[in-house]
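Numbers for residues simply follow the sequence, beginning at 1. When reading the values below, keep in mind they use all heavy atoms of this one structure, side chains included, and skip hydrogens, waters and symmetry mates.
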Amino acid sequence: MSSNTVAETVSSLMPRAKEELAALVAFASVADFDQFPRSESVGAAEWIATALRAEGFQDVDLLDTPDGTQSVYGYLPGPEGARTVLLYAHYDVQPPLDEAGWDSPPFELTERDGRWYGRGAADCKGGVLMHLLALRALKADGGVPVHVKVIAEGSEEQGTGGLERYAEQHPELLAADTIVIGDAGNFRVGLPTVTSTLRGMTLVRVKVDTLEGNLHSGQFGGAAPDALAALIRVLDSLRAEDGSTTVDGLAADSRWEGLEYDEEQFRRDARVLDGVELIGSGPVADRLWARPAVTVLGIDCPPVVGATPSVHASARALVSLRVPPGVDAAEATKLLQAHLEARMPWGARVGVEQVGQGQPFRADTTSPAYQAMADAMAVAYPGQEMQYAGQGGSIPLCNTLAALYPQAEILLIGLSEPEAQIHAVNESVSPEELERLSVAEALFLRNYAAS
């Protein structure tokens, strides 16, 4: 089998891949069942299970995970004595946010300006198709040279840890020599990239109480302690004047060794408005991949429309803290909680509840699997050398798998390059990236089997 054959086969399969991705994107598979019907997630899971069975996978099953969602598992046997590779993706997606902000329906795959738009097109239903395309290309000429396990998670975006807990309870299920996580992305379209580090994450809910009930701001304002004002002040203490994260006791001066991120390019990628400054200091790569970052995800307070002249008795916020490799997420949680309690003004009562946590991850880039991937990407992306980048987001499953299978090699690739705008309105995938990465994954499996 030649690399040309693989590339030609993947190219010929792209029209079918577009149809299949459209079918998968059509499921509003947001794993928040207070907002979206559970049937949408079930439908997406069943679609993937059917696709795996059609490719000859055995033991295909919808796994009921402890968080009330389902992950799809399948096993494709390879030659006797071959290595085992686990291919991961997730089929759950972020909510579409403001549907009015989309230029086309979020759950209807739409081609526009050479890209395919739809929620989950890149993150990470496109990853499911990437795995299928790679395997189909290998099957078309000589067969798949390794044992393959596929796992498609149903709640990655919710961070509820269902698959992590299931894997811990069934440690033999996902055991593999190498694991390919298809939930990352190239640094830029056309630049082959593996993600070698992930920041961890802790998520806390902060509640502030100051009064037995709301009070009239004219009668009591100026002396009565306002819970919303106290919350705003303590949240502001989590940032220095330049916007960098400042949690008492948490180091924030680490450096990134690897691919650099040009500041002007970052401004374009992040769509920063003209005249608005970036926050933090030092190289952008340091800020994104090597240092902690706090984000206030939401605040419970009255909306402007309908607000009354009141001093507020209570207020809440949801706070995310991303932590880089080398920092224990549990320790970071303790520091964040202690900071919030110590910095709360006016003796206001504060409660800090942890609602999510994931450890950071660092890959061993010296492993044979990385060389096999570098060789594959050099063919799939002619004239380009594989790059190493970090990712500011978290994939807690990586650490669970690394702990369960310490000898396994873990690689992170995927379709979530900057133009994909994952988690935002008008998420899209580059079909050229889908094609090239599918070729790269197929060649990787072949290279790895021969190494």
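Here side-chain hydrogen bond (donor to acceptor under 3.5 Å, both in side chains) pairs that include residues 400-415, with residues two or more places apart or in two chains, are Ser367-Glu409. Within the structure, side-chain hydrogen bond (donor to acceptor under 3.5 Å, both in side chains) contacts touching residues 315-332 (residues at least two apart or in different chains) are Asp300-Arg316, Arg322-Ser394, Asp328-Gln359. Applying the salt bridge (Lys or Arg N to Asp or Glu O under 4.0 Å) test to pairs two or more places apart or on separate chains, none has a residue in residues 60-82. Applying the side-chain hydrogen bond (donor to acceptor under 3.5 Å, both in side chains) definition to pairs two or more places apart or across chains, none involves residues 37-47. The list of salt bridge (Lys or Arg N to Asp or Glu O under 4.0 Å) pairs with a residue in residues 384-400, not counting sequence neighbours, is empty. Here salt bridge (Lys or Arg N to Asp or Glu O under 4.0 Å) pairs that include residues 168-189, with residues two or more places apart or in two chains, are Arg165-Glu168, Arg188-Asp269.
With a 6.0 Å radius and a threshold of 12 heavy atoms from other residues, nucleotides or ligands, Glu260 has its CD atom above the threshold.
Checked by atom type and distance alone, the side chain of Thr110 pairs as donor or acceptor with a backbone atom of Glu108 at under 3.5 Å. Side chain of Thr193 to backbone of Phe187: a donor-acceptor contact under 3.5 angstrom is found. Remark: the backbone N or O of Glu419 is paired with a side-chain donor or acceptor of Glu417 at under 3.5 angstrom. At distances below 3.5 Å, not a single donor-acceptor pair connects side-chain atoms of Arg119 with backbone N or O atoms of Ala28. Put simply, the side chain of Ser430 gets close to the backbone of Glu433: a donor and an acceptor are under 3.5 Å apart. The backbone N or O of Pro360 sits nowhere less than 3.5 Å from a side-chain atom of Arg199 that would complete a donor-acceptor pair. Of the possible polar contacts, none joining the Arg362 side chain to the Pro324 backbone as a donor-acceptor pair under 3.5 Å is found.
Rounding to the nearest 0.5 Å gives a distance of 5.0 Å between CD1 of Ile151 and CG of Leu163. Rounding to the nearest 0.5 angstrom, the gap separating the CG atom in Leu411 from the OG atom in Ser196 is 10.5 Å. Atom CG in Leu321 sits 8.5 Å away from atom OG1 in Thr295 (nearest 0.5 Å). Rounded to the nearest 0.5 angstrom, Ile422 CD1 and Cys124 SG are separated by 9.0 Å. Here the CG atom belonging to Leu52 is positioned 11.5 Å from the CG atom belonging to Asp59, to the nearest 0.5 angstrom. In this structure, the separation between NE2 on His339 and OG on Ser237 is 3.0 Å, given to the nearest 0.5 Å.
Side-chain contact of Thr333 with Gln357: a donor-acceptor pair under 3.5 Å is present, judged by distance alone. With 3.5 Å as the limit, one finds no donor-acceptor pair spanning the side chains of Glu427 and Tyr117. Remark: the Arg115 side chain and the Ser428 side chain contain an N/O donor-acceptor pair separated by less than 3.5 Å.
Checked against ring pair (Phe, Tyr, Trp, His ring centres under 6.0 Å), Trp256 has the following partners two or more places apart in sequence or in another chain: Trp289. Every residue was checked against the salt bridge (Lys or Arg N to Asp or Glu O under 4.0 Å) condition with Arg112, not counting sequence neighbours, and none meets it. Partners of Glu157 by side-chain contact (heavy atoms from CB on, under 4.5 Å), not counting sequence neighbours, listed by chain and number: His90, Asp92, Gln94, Asp123, His423. Considering only residues two or more places apart in sequence or on other chains, Ser451 meets the side-chain contact (heavy atoms from CB on, under 4.5 Å) condition with Arg83, Tyr448.
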Run the side-chain donor-acceptor check on residues 19-27: report pairs under 3.5 Å with partners two or more places apart or on a different chain.
| residue | atom | partner | partner atom | Å |
| --- | --- | --- | --- | --- |
| Glu20 | OE1 | Arg136 | NH1 | 2.8 |
| Glu20 | OE2 | Arg16 | NE | 3.4 |
| Glu20 | OE2 | Arg136 | NH2 | 2.9 |

Considering only distance and modelled atom types, tabulate donor-acceptor pairs under 3.5 Å from the side chains of residues 8-15, sequence neighbours left out.
| residue | atom | partner | partner atom | Å |
| --- | --- | --- | --- | --- |
| Thr9 | OG1 | Thr5 | O | 2.8 |
| Ser12 | OG | Thr9 | O | 2.7 |

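The side-chain contact (heavy atoms from CB on, under 4.5 Å) with Ile410 is formed by just one residue from the set Asp364, Leu86, Asn399, Ile179; it is Ile179.
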